[in-house]
There are 2 protein chains.
Amino acid sequence: MPSDVEIAAASPMQPIEDIAAKIGIPESEIFRYSPHKAKVSLPYVQGRDRREGSKLVLVTATSPTPAGEGKTTTTVGLVDGLAQIGESAAAALREPSMGPVFGMKGGAAGGGRAQLNPMTDINLHFTGDFAAIAAAHNLLAAVLDNHLQQGNALGIDPRSITFKRVLDMNDRALRDIVIGLGGPTNGVPRESGFDIVVASEVMAIFCLATSIDDLKERLGRIVVARTYEKAPVTASDLGVHGAMAALLADALAPNLVQTLEGNPAFVHGGPFANLAHGCNSVTATQTALAHTDWTVTEAGFGADLGAEKFIDLKCRFTGLRPDAVVLVATVRSMKYHGGVAVADLTTENVEAMLAGMSNIERHLANIRDVWGLPVVVGVNRFPSDTDTEIEAFTKHVEGLGVKVEICTHFADGGKGAAGLAKALVEITSGQKPELSFTYGDDLGLAAKAETVAQRIYGAERLEIPSAVAKQIAQFEDEGYGHLPVCIAKTQKSFTTDDAERGAPSGHVVEVREVRLAAGAGFVVFVCGSLMTMPGLPKKPAALAIDVDSEGAVTGLS
Amino acid sequence: MPSDVEIAAASPMQPIEDIAAKIGIPESEIFRYSPHKAKVSLPYVQGRDRREGSKLVLVTATSPTPAGEGKTTTTVGLVDGLAQIGESAAAALREPSMGPVFGMKGGAAGGGRAQLNPMTDINLHFTGDFAAIAAAHNLLAAVLDNHLQQGNALGIDPRSITFKRVLDMNDRALRDIVIGLGGPTNGVPRESGFDIVVASEVMAIFCLATSIDDLKERLGRIVVARTYEKAPVTASDLGVHGAMAALLADALAPNLVQTLEGNPAFVHGGPFANLAHGCNSVTATQTALAHTDWTVTEAGFGADLGAEKFIDLKCRFTGLRPDAVVLVATVRSMKYHGGVAVADLTTENVEAMLAGMSNIERHLANIRDVWGLPVVVGVNRFPSDTDTEIEAFTKHVEGLGVKVEICTHFADGGKGAAGLAKALVEITSGQKPELSFTYGDDLGLAAKAETVAQRIYGAERLEIPSAVAKQIAQFEDEGYGHLPVCIAKTQKSFTTDDAERGAPSGHVVEVREVRLAAGAGFVVFVCGSLMTMPGLPKKPAALAIDVDSEGAVTGLS
């Protein structure tokens with residue numbers, strides 16, 4: 001099979017205005033950044049209602065393994081699959097960060113015959129959204145340090161500043177820095193650092209905002225520091241949230257591209273899935289819902305983290321409700337959860353696979369019993385999967401009363417996901433499901449996090465060191481107790497230990513720290529190490545990237 | 001008279017595709033980033049020849065004073081003036097940096113009835129060019145620090161690194177920083193800093209590049225550091241210039257907007273006028289020349305710095321040749337050069353004005369006698385200028401054999417610059433002038449700089465401390481001696497002392513340091529203090545900027 005880049009290059013793209021026209025967006029309302037990427041005008045988008053009967057499908061997965069699951073590939077394949085059976089569908093997906101593009105993994109736009117196009121544009125600062133988000137973020141940081149410099153009228157304690165700066169770059173040397181050196185005209189010396197832009201609270205806000213007004217309000221609520229009296233200092237106290245929103249207003253218009261089969265994809269925003277909610281912008285999801293019968297969207301990591309945050313954060317804030325869930329799984333990843341080493345994943349091993357299916361069982365139970373959503377399992381079939389394995393997998397899941405569809409969109413494009421598309425039509429033909437959140441707004445912050453740990457992760461309890469408990473109490477005293485929680489932990493396990501595969505129970509989840517994201521509207525419970533500024537590897541992917549005289553970019557993978 | 005913002009808001013814009021059509025650029029070749037801003041496709045632009053008989057006009061000015069000269073206003077007014085007399089014309093101008101927009105001065109798009117539109121878009125990250133330039137720059141910085149982290153195979157001396165990072169933000173706290181702290185996984189600790197993006201060598205390269213290939217070659221030549229053996233280390237040694245060019249390929253397409261009177265303006269790139277050459281991209285200038293009979297472009301600061309660099313750098317590198325120069329002057333600025341205090345500039349004072357005209361005389365002599373170019377003086381008339389002053393001014397300049405046109409485009413738009421437009425038609429009707437550079441390629445670096453100081457600034461000689469002389473000798477030994485020079489000094493005086501008005505002679509120009517910009521293709525002679533990262537004032541302009549529910553931005557001035 002040819003490489004992703006070769007497949008993409010061999011797939012002629014349709015003019016983006018034709019893609020827009022397909023779903024009823026007039027040419028006058030799109031801004032064509034190139035022949036094959038566009039923004040859809042925000043005033044046009046903002047007023048629009050969800051199309052009558054339009055359905056929202058959430059694609060999520062079992063706990064991620066080195067074997068790979070293929071969530072984005074399945075999202076793209078499913079959109080093409082729905083089109084194959086005559087349905088109108090669009091994807092709503094995150095924009096990739098440039099950090100990993102130049103670092104380890106190359107691009108992020110699906111793979112095989114289930115890709116987004118033009119992948120080069122999508123991966124290389126696209127329509128400039130991340131730059132606008134970084135500029136808005138860094139404007140707040142500059143105004144904050146300038147406030148210290150110009151007399152510190154608000155009485156900000158420089159040691160309390162939690163708001164760093166951001167770049168869309170993997171740059172480890174900026175993780176821990178000392179700024180403000182060189183004398184009295186150069187600011188107030190203090191420790192600080194840079195995060196990658198996807199870790200910015202401004203990014204989370206951008207993706208949750210339902211309008212420019214909502215965006216501005218949320219920006220104003222960002223807490224950047226404390227006064228010497230420990231009172232929170234916000235962007236609105238600094239008076240800069242209006243300018244930040246002005247910087248973001250153009251970027252808030254959703255981006256439109258296409259799948260290899262010429263179906264629409266809204267690719268917009270991309271917050272981290274650990275310290276933020278990990279899904280594309282509300283604007284993009286709503287635009288897709290307004291223009292197609294099926295919107296297929298994706299949440300980061302496995303269902304315990306990504307789907308949980310999609311539901312308990314994005315859905316809670318916006319009123320969006322998924323009609324069904326696709327749980328992506330692979331035979332290989334089940335074998336991995338059953339204890340098989342990475343090198344042995346291509347060897348048939350039904351017993352290990354069945355043992356590893358404790359993982360999918362836990363995720364299915366969460367989706368069905370905790371959140372009350374209909375679900376179908378999409379198996380992303382690999383060439384090494386044997387028929388025996390596939391049969392045993394299917395039998396096991398169907399024994400739980402869940403439909404299984406074997407998908408080959410990676411090799412076959414939309415045709416390979418047509419079965420999954422039909423299954424979705426079937427399971428969504430009845431009454432609209434009643435979504436339940438994992439916890440209610442009224443619980444205390446720690447109780448909310450513990451409820452997630454117990455109901456979703458199968459943990460026995462949360463362990464909260466006294467310093468962290470004191471911080472939680474402070475947030476609650478300050479009136480942030482009503483916020484939902486966002487748990488940052490390893491995506492590889494239901495526990496906080498990467499090595500614990502399958503579906504462990506009765507474990508303890510230790511909370512290392514809590515962070516207030518008052519603008520995004522949640523409190524982050526950090527349960528494990530958190531990398532907010534990746535580094536480049538010994539041979540960065542950047543070294544293979546080039547451009548020819550005509551502007552054609554090569555070396556992205 | 002209404003404010004700039006009110007005038008702009010009251011001027012209906014034409015669809016940008018209509019502006020493009022006016023000068024023969026088909027709609028299929030523009031990318032409409034909004035209804036009123038577009039990029040012109042690079043493949044379309046790259047192949048095009050200068051239109052037969054098309055003329056290039058350089059707008060420059062007397063030495064800048066607090067009274068204001070109005071170069072951008074005159075550039076815009078002149079384009080509208082040419083259109084008023086039936087000529088086809090376009091402006092080629094720099095993009096403003098966001099730093100000053102949020103800092104001291106608000107936007108930069110002309111003023112009064114001689115403005116660019118839409119000024120909000122132009123001032124607020126526009127089409128993302130500066131973000132792409134910052135990303136390319138910071139990718140090189142990240143790869144450089146990563147090289148140190150991953151074993152330093154090239155043997156780079158970390159103390160020798162001259163390449164900083166950049167942001168498009170006024171952020172004084174980032175001027176002097178220590179990076180790489182926090183332990184062995186966080187890079188190699190060292191001193192560094194951030195510059196504003198307009199100070200980036202990548203910005204200078206972007207503006208000088210005549211093609212993607214030229215861009216990539218120049219990027220590859222950037223010297224970022226030295227090895228322990230003092231050998232230069234380039235971006236191409238690090239292998240990252242291809243990825244940098246890939247990041248810039250989309251941005252290299254010129255941006256198209258319009259004047260208030262609906263004439264085309266290519267606004268693209270914006271390097272500093274001190275440590276770089278201070279004019280818009282070659283791409284923008286060439287695109288204008290290919291599509292109109294008149295291209296009006298602007299150089300930074302006064303003619304001694306801006307026009308000199310336009311000629312000795314941009315023209316030298318590209319073969320571009322101006323057909324005529326407009327020297328912008330004001331009665332007020334001549335009075336200032338004659339010694340009048342700022343508070344008294346609105347009081348009639350013919351004597352002081354005539355004394356201050358030593359400044360315009362020096363600039364006119366440089367333009368005519370050194371560079372061999374025809375020139376007309378455009379007086380940007382202010383309401384406080386008396387008829388007596390205007391008459392005396394005109395008489396004096398005409399006595400030098402130079403045409404004077406009194407312009408009122410600020411108050412009257414293009415009609416107010418129609419006289420200047422006619423004067424240009426007249427002075428360019430004869431034979432094409434033969435441009436002379438200030439110095440030849442074969443002189444040594446110090447001799448080149450001294451030639452500029454003597455011929456253009458009226459200085460007696462250059463003073464070069466021995467450490468700097470050693471550095472110059474090193475550059476020459478390394479084969480950089482053939483490069484032209486770029487002198488960074490105060491724009492306020494022909495000397496290196498801000499306070500010396502008029503046209504001092506016989507002074508000494510002290511060189512503080514020299515910097516190699518091997519990618520841009522020149523050696524910077526720093527003769528005075530150099531601010532490469534501005535700070536925010538006590539009340540940043542950002543605090544007044546806001547956006548409403550519909551996305552309309554207010555508070556930009």
Checking B/V143 against chain A: side chain, backbone, both or neither under 4.5 Å from a heavy atom?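 Interface part for B/V143: both.
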Sort B/I30 into side chain, backbone, both or neither according to what part of it lies under 4.5 angstrom from a heavy atom of chain A.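 For B/I30, backbone heavy atoms alone lie under 4.5 Å from chain A.
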Side chain, backbone, both or neither: which part of [X] has a non-hydrogen atom closer than 4.5 Å to chain B?
X	result
A/R175	side chain
A/R165	side chain
A/A142	both
A/V178	both
A/M244	neither
A/E191	neither
A/F130	neither

Within the 4.5 Å heavy-atom criterion, are A/V547 and B/I212 side-chain neighbours or not? yes
Which one of B/V553, B/L174, B/L252, B/V240 has the most heavy-atom pairs closer than 4.5 Å to chain A? B/L174
For chain A, the option from B/D145, B/L238, B/T185 that forms the most heavy-atom pairs under 4.5 Å: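 If we count pairs closer than 4.5 Å to chain A, B/T185 comes out on top.
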Could you tell me the separation between the [atom1] atom of [X] and the [atom2] atom of [Y], rounded to the nearest 0.5 Å?
X	Y	atom1	atom2	answer
A/S549	B/L42	OG	CG	11.0 Å
A/L167	B/L167	CG	CG	6.0 Å
A/N186	B/I177	CG	CD1	11.5 Å
B/M169	A/L140	CE	CG	10.0 Å
B/E550	A/Q46	CD	CD	7.0 Å
A/I179	B/R172	CD1	CZ	12.0 Å

For the pair B/N146 (side chain) and A/P537 (backbone), establish whether a donor and an acceptor sit closer than 3.5 Å, ignoring hydrogens and angles. yes
Worked check of side-chain contact (heavy atoms from CB on, under 4.5 Å) between B/D250 and A/H125: CA-CA 10 Å; B/D250 276 0; A/H125 70 109; 5.6 Å; no
Minimum heavy-atom separation for B/A542 and A/L139, please, with both atom names. CB-CD1, 4.1 Å
Between B/K216 and A/D546, is the side-chain contact (heavy atoms from CB on, under 4.5 Å) condition met? List the steps. CA-CA 9 Å; B/K216 192 158 60 180; A/D546 203 356; 2.8 Å; yes
